[in-house]
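All residue numbers refer to positions in the sequence shown, counting from 1. A quick note: this is a predicted structure, and the numbers were derived from the prediction, not measured.
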Amino acid sequence: MPAETRRTRKASGDDELELKRARGEISCAECRRLKLKCDKKLPCGSCVRRGCTTICPNGSLSAGQGTRFVLADTEQLHRKIAEMSERIRQLEDALAIFQAGVSNERHPLLRDELLTVKFGPEVRRTVDEENSRDQLSHSIDALGTLTIGDHGETKYFGRSGGSEMLLTGSPIETDANDSPSVSLEVANLSASFPFSVVENGIDAFLDKLESFLPPQPRAWALCEAYLEHLGWWFRPIKRDEMVEDILTPVYNYLKNPAKSKRTYHPSHEERCPHLLATLFMILAVGALLDLTLPPCSAEAEKYHLLGRAALSARSVFDSPAIEAVQAVALMSAYHGVCSSRYTIESAWSLISLASRLSQSIGLHRDSKQWKLDDKHAQRRRNLFWEIFFLEIVHCLSLGRPPTQVLAHIDCELPADDEQFVAEDGEVYLGYWQHKFAFCRDIYAEVVDVTSSTKSPAYAKVLDIDRRVRQMTPPPIRLYLRPDEDDYSNPALCMKSYVLSHHRSIVMIHIHRTFFAQALLDYPKNPLSSPFAPSFLAANRCASILLRSFVHHHERCSDLCSRSWVMWSHAFSSIMILGTTVIRLPNAIMAPSALMEIDVAVDVFKNCANKSVRARQALPLLLRLKEKAALAYSEFRNRNASPTKGIQLHISPEDQLEDELAIFGGQTRVLPTKKIKKRPKSQVAPGAAIPAVPAPASTPSDIVSSPRSLSDDFTDLHPSLMEYLSQLPSSGSYTVVDQPQHVADPSSSTVTPRRTVRHDGLREQHAVRPLLL
């Protein structure tokens with residue numbers, strides 16, 4: 001047979017094979033070469049897995065070459081690419097050297113995305129993914145808010161300080177006729193703390209201060225009030241130290257008619273003015289939290305001024321004693337609770353001063369290294385961790401960095417006197433040990449993340465979220481029934497609140513910035529945002545905190561109304577739920593959120609005459625509640641009668657967007673007028689506040705996704721996946737018909753849908769409780 005005929009037949013056979021492969025009738029050429037089973041798809045699964053889809057079905061790679069690159073079948077071409085990559089690298093180096101000699105700026109041709117041109121496709125894909133993650137981390141402009149007053153007075157609120165920023169705009173009311181009576185000398189020394197020092201006549205000055213001490217029975221009562229009503233939160237001085245080293249020595253000295261030995265304690269050569277200051281601060285806090293006295297009473301303020309004056313009798317900077325640190329720390333707690341006279345700003349400044357003083361006496365280093373006796377070592381450890389905890393709380397509330405860094409601390413936690421073994425044999429930490437451990441392991445890292453100059457990587461935020469959820473509090477029954485004996489016990493009530501909501505409070509702080517960003521960037525469906533986990537977590541934790549807030553106020557309203565921490569967290573929770581409903585009235589959780597907001601705002605109303613912080617927040621919350629109810633009502637009416645063309649009201653300026661950005665800690669510079677304390681008579685009770693617009697929405701905005709959203713968040717914590725599962729499978733939001741037995745959210749009456757059990761407490765809620 002002629003050679004030409006054979007070649008013709010072979011060519012026609014090859015063409016037929018290629019046609020069959022192109023039609024998917026036989027295995028592709030690469031699978032046939034490698035003797036792999038081919039699924040005969042175009043491209044086949046084997047080529048897809050091996051990254052060579054471009055050669056399927058008729059092409060094949062050269063044997064012996066790497067099969068992860070499409071160009072591996074051309075050895076000469078790969079050599080050329082390698083040579084060009086080396087040449088590009090040399091030119092980049094030369095350009096960088098030249099640019100460094102003429103400018104400090106980076107050359108435009110040396111941007112990161114351009115530097116990856118010389119790499120292969122696999123390396124470039126990895127670099128692009130890393131750049132995408134970095135852009136996600138830095139996509140939020142969350143520097144914080146800076147306020148500048150008419151006369152240059154300035155305040156900074158960081159990422160986690162959005163709530164305090166919103167509360168700052170309200171004037172502080174106080175009673176002008178409720179002032180303590182002290183001598184002019186004491187008042188002057190108190191006002192000049194911490195810079196004034198008594199040069200001469202220290203004994204006469206201390207005699208004068210001692211004359212203001214109350215009778216011993218009253219002092220004992222105030223000390224008990226301090227232990228019971230502040231000990232659940234901040235306890236820098238325990239009972240044994242207060243009785244043995246402070247209260248008893250001072251009053252024994254006063255009972256001595258001769259007073260020949262001019263000292264309070266055998267270990268002191270002379271009377272220590274800072275020890276007397278510590279006693280006055282204990283009495284001040286005790287009077288402040290004495291539930292038989294009105295909030296911020298004149299008696300409490302008198303002891304506070306006397307304590308400041310006693311601190312001024314000797315410098316707290318040059319040679320501080322442990323009593324000076326205790327007194328300044330207690331003064332900070334006093335300023336935080338006495339909200340009608342002082343602010344959280346002064347409380348933060350004082351606790352920061354106490355933290356610095358603690359470093360000056362070495363409290364951050366463990367005492368065992370100096371071989372101190374166990375009694376003093378345990379007291380130093382307890383004092384240090386209490387100061388560390390209180391400073392961290394204030395830093396989180398204001399969004400500011402702390403003075404202490406864990407890398408510089410080796411002080412051990414104090415001994416756990418409350419540790420117990422459960423029935424299953426597992427050992428659990430006591431209340432105080434759990435608080436200190438949580439502060440050290442979680443709170444400190446959260447402050448570091450939220451106050452860092454660089455935006456935190458979102459993966460870091462989710463990692464903290466996961467670790468917080470995995471921490472188990474002691475198995476203590478926290479929620480009681482109204483008919484139980486300890487239901488109204490103030491100390492037990494407040495311990496219950498703190499211990500049960502360490503985790504929820506942390507969640508609010510770490511997710512608030514990303515929650516706000518999700519709503520701002522994706523107002524129609526925040527679950528489409530890359531920050532959707534934060535949107536879910538923030539709403540879930542806000543709901544939990546509001547229910548607990550209402551429950552604990554029912555148990556002990558008098559003491560709860562004097563805790564600034566509870567008001568701050570409740571305000572943040574209402575802001576989260578309220579803005580969610582205003583932006584998304586079609587959300588499935590909107591009816592239950594409105595009910596929770598309604599009940600919580602009623603608590604703010606009822607306690608406005610007791611708490612300045614409740615009074616400050618009330619106008620903003622009433623406006624938020626009204627707008628949320630209006631947005632939901634208009635959405636429901638439009639859904640019931642879509643042909644009527646009902647439109648939601650939209651104001652010219654979306655003030656809610658600015659408030660949401662401030663709440664999330666985004667960068668803002670705000671001109672503000674100086675806020676002065678004014679008598680109640682000077683403040684109009686119903687001051688007008690600009691209205692917040694409801695979001696624009698049309699029926700076309702409410703579109704259900706054809707797939708389950710849970711597919712997008714498979715890496716979430718199981719508890720968040722459970723919360724996500726409550727949303728409809730067709731999408732994150734759905735049309736909600738108002739049941740006839742559920743009250744109108746805009747009314748003040750809330751009718752519960754069913755009764756549920758929540759940690760031993762039988763409560764009425766519209767939806768089942770959500771536990772972390």
Side-chain angles (χ1 to χ4, degrees), residues 1-95 109-136 457-459 528 530 705-716:
M1 180 180 297
E4 184 177 330
T5 303
R6 288 196 300 270
R7 286 195 297 270
T8 302
R9 290 185 177 181
K10 183 177 180 181
S12 61
D14 292 342
D15 292 341
E16 185 177 355
L17 285 176
E18 289 185 2
L19 288 175
K20 289 184 178 181
R21 289 193 179 103
R23 293 195 297 264
E25 296 178 1
I26 61 177
S27 300
C28 71
E30 182 65 10
C31 288
R32 181 178 178 84
R33 182 181 73 84
L34 297 176
K35 297 181 174 57
L36 298 176
K37 184 176 181 180
C38 183
D39 58 13
K40 300 177 184 178
K41 294 181 180 179
L42 299 176
C44 71
S46 176
C47 290
V48 170
R49 288 193 303 272
R50 295 171 57 247
C52 54
T53 56
T54 57
I55 65 172
C56 187
N58 293 313
S60 62
L61 302 180
S62 300
Q65 300 293 331
T67 59
R68 295 298 295 172
F69 300 96
V70 177
L71 300 177
D73 57 337
T74 309
E75 181 179 357
Q76 182 181 2
L77 184 57
H78 273 282
R79 283 200 304 268
K80 191 66 175 177
I81 291 175
E83 293 173 0
M84 293 173 64
S85 297
E86 181 62 26
R87 180 63 175 167
I88 292 173
R89 185 178 294 106
Q90 293 173 359
L91 293 174
E92 288 173 346
D93 293 342
L95 180 59
L109 295 179
L110 297 178
R111 299 194 306 270
D112 289 338
E113 60 269 23
L114 297 180
L115 294 177
T116 62
V117 171
K118 58 182 174 291
F119 298 122
E122 290 293 326
V123 175
R124 291 182 62 183
R125 181 161 56 248
T126 302
V127 174
D128 291 343
E129 291 173 355
E130 292 178 354
N131 291 337
S132 176
R133 286 194 293 268
D134 291 341
Q135 291 173 3
L136 178 63
Y458 193 54
S528 299
S705 174
R707 61 192 181 89
S708 173
L709 283 170
S710 60
D711 296 339
D712 297 332
F713 306 121
T714 54
D715 59 340
L716 292 188

Side chain to side chain contact (heavy atoms under 4.5 Å, CB included) partner of Cys38, the single match among Cys47, Cys56, Cys31:
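The residue from Cys47, Cys56, Cys31 that satisfies side chain to side chain contact (heavy atoms under 4.5 Å, CB included) with Cys38 turns out to be Cys31.
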Item checked: Residues which pass salt bridge (charged side-chain N to carboxylate O under 4.0 Å, His left out) with Lys20, listed by chain and number, not counting sequence neighbours ->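 Lys20: salt bridge (charged side-chain N to carboxylate O under 4.0 Å, His left out) contacts with Glu16.
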Could you work out, with salt bridge (charged side-chain N to carboxylate O under 4.0 Å, His left out) as the rule, every residue matching Glu83, not counting sequence neighbours?
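Testing Glu83 for salt bridge (charged side-chain N to carboxylate O under 4.0 Å, His left out), a comparison that skips the adjacent residues, returns none.
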Closest non-hydrogen atom pair, [X] against [Y]:
X     : Y     : result
Cys44 : Asp39 : CB-OD1, 3.1 Å
Leu42 : Ala22 : CD1-O, 3.0 Å
Lys40 : Glu25 : NZ-O, 3.6 Å

[atom1]/[X] to [atom2]/[Y] distance, rounded to the nearest 0.5 angstrom?
X     : Y     : atom1 : atom2 : answer
Ile88 : Leu95 : CD1   : CG    : 13.0 Å
Cys28 : Lys41 : SG    : NZ    : 13.5 Å
Glu30 : Leu36 : CD    : CG    : 8.0 Å

